[in-house]
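So that the names make sense, note that chain A is the first sequence line, chain B the second, and so on, each numbered from 1.
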2 protein chains.
Amino acid sequence: MDAIKNMVKERLELHGIKPSMQRMAVMEYLMTHRTHPTAEMIFADLYPEMPTLSKATVYNTLNLLVERGVVRLITIEEKNARFDACMDPHIHFRCRQCGAILDVNVEAHWIPAMPSGVSVEMSETYCIGYCAECNSKRVN
Amino acid sequence: MDAIKNMVKERLELHGIKPSMQRMAVMEYLMTHRTHPTAEMIFADLYPEMPTLSKATVYNTLNLLVERGVVRLITIEEKNARFDACMDPHIHFRCRQCGAILDVNVEAHWIPAMPSGVSVEMSETYCIGYCAECNSKRVN
DNA sequence: ATCCATTTTTAGAATTATTCCATTTTTGTT
DNA sequence: AACAAAAATGGAATAATTCTAAAAATGGAT
């Protein structure tokens with residue numbers, strides 16, 4: 001019936017994760033909110049509809065999803081970890097002024113030549129500067 | 001006399017930072033320890049020789065150095081901020097097993113095309129995987 | 001259906017990196 | 001020496017995340 005819920009379920013099972021209600025909820029949230037939310041944001045938004053949801057479960061689930069490579073952990077902001085369910089190649093940009101985190105699509109991710117013997121499992125690139133809107137308001 | 005202390009002093013003054021004892025100590029530490037230390041590590045190592053040093057000062061100094069673009073803040077590890085006084089283009093690699101953080105030199109840093117209006121002040125790339133040593137010990 | 005083992009969730013306490021705050025010390029200038 | 005401004009200090013406060021021990025849910029096997 002619900003196409004999204006099916007995709008969520010499949011994606012979890014594909015990575016060997018049992019699709020419990022809570023895990024489905026967190027995963028669905030990430031797939032439908034491309035806002036790079038923090039654990040706190042996810043919890044706050046899910047809580048009204050799942051009043052017995054625990055913050056620990058949100059953290060447990062996010063950690064599991066990251067470990068299994070289902071979602072990306074973004075450390076572009078020192079304070080909070082942020083999460084992204086989009087695994088297509090893209091990088092992140094954070095505006096120094098308004099704090100917005102934007103996706104920037106790239107054809108493929110840049111992985112420089114590594115010293116021999118080193119194997120790379122994943123790489124992340126992020127940029128920091130001023131977004132178009134904040135730039136236009138800036139005094140020079 | 002002390003060539004390093006002079007470099008440290010110059011580098012601070014070049015960025016408009018008054019070279020106090022404490023700031024010199026932190027900056028010298030970063031320039032002579034290419035280990036991407038945490039604030040805690042810097043404090044712990046400096047403390048024996050500067051018993052009145054405060055952790056707050058180490059944090060204040062590191063924040064100032066990062067703001068002024070004298071050192072790089074590295075967020076490759078979720079738990080702690082790490083710092084790097086080397087501003088030459090290079091990226092960081094973290095070994096998932098032993099936790100070592102290595103520099104990987106690159107000719108120039110990769111900055112993908114940004115949406116129009118966006119200005120980029122800095123960018124960071126990091127990779128995570130297994131270092132040569134840990135790789136050789138891994139079971140397949 | 002029922003029992004049991006395993007997995008998952010839960011609430012709250014604990015941990016810990018970092019920031020904040022009010023005071024003291026240091027520095028530089030008249 | 002006196003004073004204002006800047007920097008450093010110690011300890012309390014904050015807040016994100018993890019830990020812990022108990023409760024709930026799940027999934028066979030009988």
Side-chain angles (χ1 to χ4, degrees), chain A residues 8-9 12-13 15-30 36-68 70-83 94 99 101, chain B residues 8-9 12-13 15-30 36-68 70-84 99 101:
Chain A
V8 169
K9 186 160 166 281
L12 292 181
E13 285 173 338
H15 291 85
I17 298 175
K18 206 188 287 186
S20 69
M21 289 288 296
Q22 291 84 343
R23 289 168 176 171
M24 297 264 291
V26 170
M27 190 68 211
E28 180 177 344
Y29 186 91
L30 283 171
H36 317 96
T38 63
E40 177 66 39
M41 290 174 194
I42 298 170
F43 174 77
D45 283 0
L46 293 180
Y47 187 73
E49 291 171 24
M50 304 180 70
T52 69
L53 181 64
S54 162
K55 220 176 260 189
T57 300
V58 174
Y59 277 102
N60 288 344
T61 301
L62 290 169
N63 288 342
L64 182 64
L65 292 173
V66 169
E67 267 171 34
R68 299 290 174 87
V70 194
V71 310
R72 290 206 225 178
L73 166 62
I74 307 171
T75 57
I76 198 172
E77 216 192 27
E78 306 88 58
K79 291 287 170 64
N80 309 299
R82 292 174 167 272
F83 300 89
R94 174 162 64 88
I101 297 179
Chain B
V8 169
K9 186 159 166 281
L12 292 181
E13 286 173 339
H15 290 85
I17 298 175
K18 205 187 289 185
S20 69
M21 288 289 294
Q22 290 85 342
R23 289 168 176 171
M24 298 263 293
V26 170
M27 189 69 212
E28 179 176 344
Y29 187 91
L30 283 171
H36 316 96
T38 64
E40 177 65 39
M41 290 173 194
I42 298 171
F43 175 77
D45 283 1
L46 292 180
Y47 187 74
E49 290 170 24
M50 303 180 71
T52 70
L53 182 64
S54 163
K55 222 177 257 190
T57 299
V58 174
Y59 277 101
N60 289 343
T61 300
L62 289 169
N63 288 342
L64 182 64
L65 292 172
V66 170
E67 266 170 37
R68 299 289 174 88
V70 194
V71 310
R72 291 206 224 177
L73 167 62
I74 307 172
T75 58
I76 198 172
E77 217 192 25
E78 307 88 58
K79 291 289 170 63
N80 310 299
R82 292 176 167 271
F83 299 89
D84 189 347
I101 297 180

For atom CE of A:M41 and atom C1' of D:dA15, their distance in whole Å: 14 Å
Distance, rounded to the nearest Å, where A:L73 contributes CG and D:dA16 contributes P: 15 Å
Of the listed nucleotides C:dT10, D:dA16, D:dA8, the one nearest the side chain of B:S20: D:dA8
Spacing between A:E67 atom CD and D:dT17 atom P, to the nearest angstrom: 15 Å
Gap between atom CZ of B:F83 and atom CG of B:L65 - 0.5 Å precision: 9.0 Å
A:R23 CZ to C:dT8 C1', straight-line distance once rounded to whole Å: 6 Å
Which atom of B:L30 lies closest to which atom of B:D84, heavy atoms considered: CD2-N, 4.5 Å
Could you list the donor-acceptor pairs under 3.5 angstrom formed between side-chain atoms of residues 19-28 of chain B and any protein atom two or more places apart in sequence or on another chain?
unit_1: B:S20; atom_1: OG; unit_2: B:R23; atom_2: N; d: 3.2
unit_1: B:R23; atom_1: NH1; unit_2: B:K18; atom_2: O; d: 3.1
unit_1: B:E28; atom_1: OE1; unit_2: B:K5; atom_2: NZ; d: 2.9
unit_1: B:E28; atom_1: OE2; unit_2: B:K5; atom_2: NZ; d: 3.4

For atom CD1 of A:I42 and atom P of D:dT17, their distance in whole Å: 10 Å
A:Q22 CD - C:dT8 C1' separation (whole Å): 8 Å
Close approaches to DNA chain C from residues 44-66 of chain A, in residue order (heavy atom, under 4.0 Å): A:T52, A:L53, A:S54, A:A56, A:T57, A:N60
Heavy-atom check, side chain of B:L64 versus side chain of B:V70, under 4.5 Å: no
Degree of bending, the helix from C:dA1-D:dT30 to C:dT30-D:dA1 (end axes from five pairs; round to 10°): 20°
Whole-Å distance separating the CD atom of A:E77 from the P atom of C:dT19: 12 Å
Sugar-phosphate or base contact per nucleotide [nucleotides 23-30 of chain C; S, B, -; heavy atom under 4.0 Å]: --------
Proximal nucleotide (of C:dT18, D:dA7, D:dT17) relative to the B:A81 side chain: C:dT18
Kindly list each side-chain donor-acceptor pair under 3.5 angstrom involving residues 72-79 of chain B, sequence neighbours excluded, with atom names and distances?
unit_1: B:R72; atom_1: NH1; unit_2: B:H90; atom_2: O; d: 3.2
unit_1: B:R72; atom_1: NH1; unit_2: B:E124; atom_2: OE2; d: 3.1
unit_1: B:R72; atom_1: NH2; unit_2: B:D88; atom_2: O; d: 2.8
unit_1: B:R72; atom_1: NH2; unit_2: B:H90; atom_2: O; d: 3.3
unit_1: B:R72; atom_1: NH2; unit_2: B:H90; atom_2: ND1; d: 2.9
unit_1: B:T75; atom_1: OG1; unit_2: A:T75; atom_2: O; d: 2.9
unit_1: B:T75; atom_1: OG1; unit_2: A:T75; atom_2: OG1; d: 3.3
unit_1: B:T75; atom_1: OG1; unit_2: A:Y126; atom_2: OH; d: 2.8
unit_1: B:E77; atom_1: OE1; unit_2: B:N80; atom_2: ND2; d: 3.4
unit_1: B:E77; atom_1: OE1; unit_2: B:R82; atom_2: NE; d: 3.2
unit_1: B:E78; atom_1: OE2; unit_2: B:R94; atom_2: NH2; d: 3.3

Listed once per pair and sorted, the side chain to side chain donor-acceptor pair (under 3.5 Å) pairs that draw on residues 44-62 of chain A, sequence neighbours left out: A:Y29-A:D45, A:E40-A:K55
Atom-pair distance (CD1 on B:I17; C1' on D:dA8), nearest Å: 16 Å
Heavy-atom closest contact (B:L62 atom, B:A39 atom, distance): CD1-CB, 3.6 Å
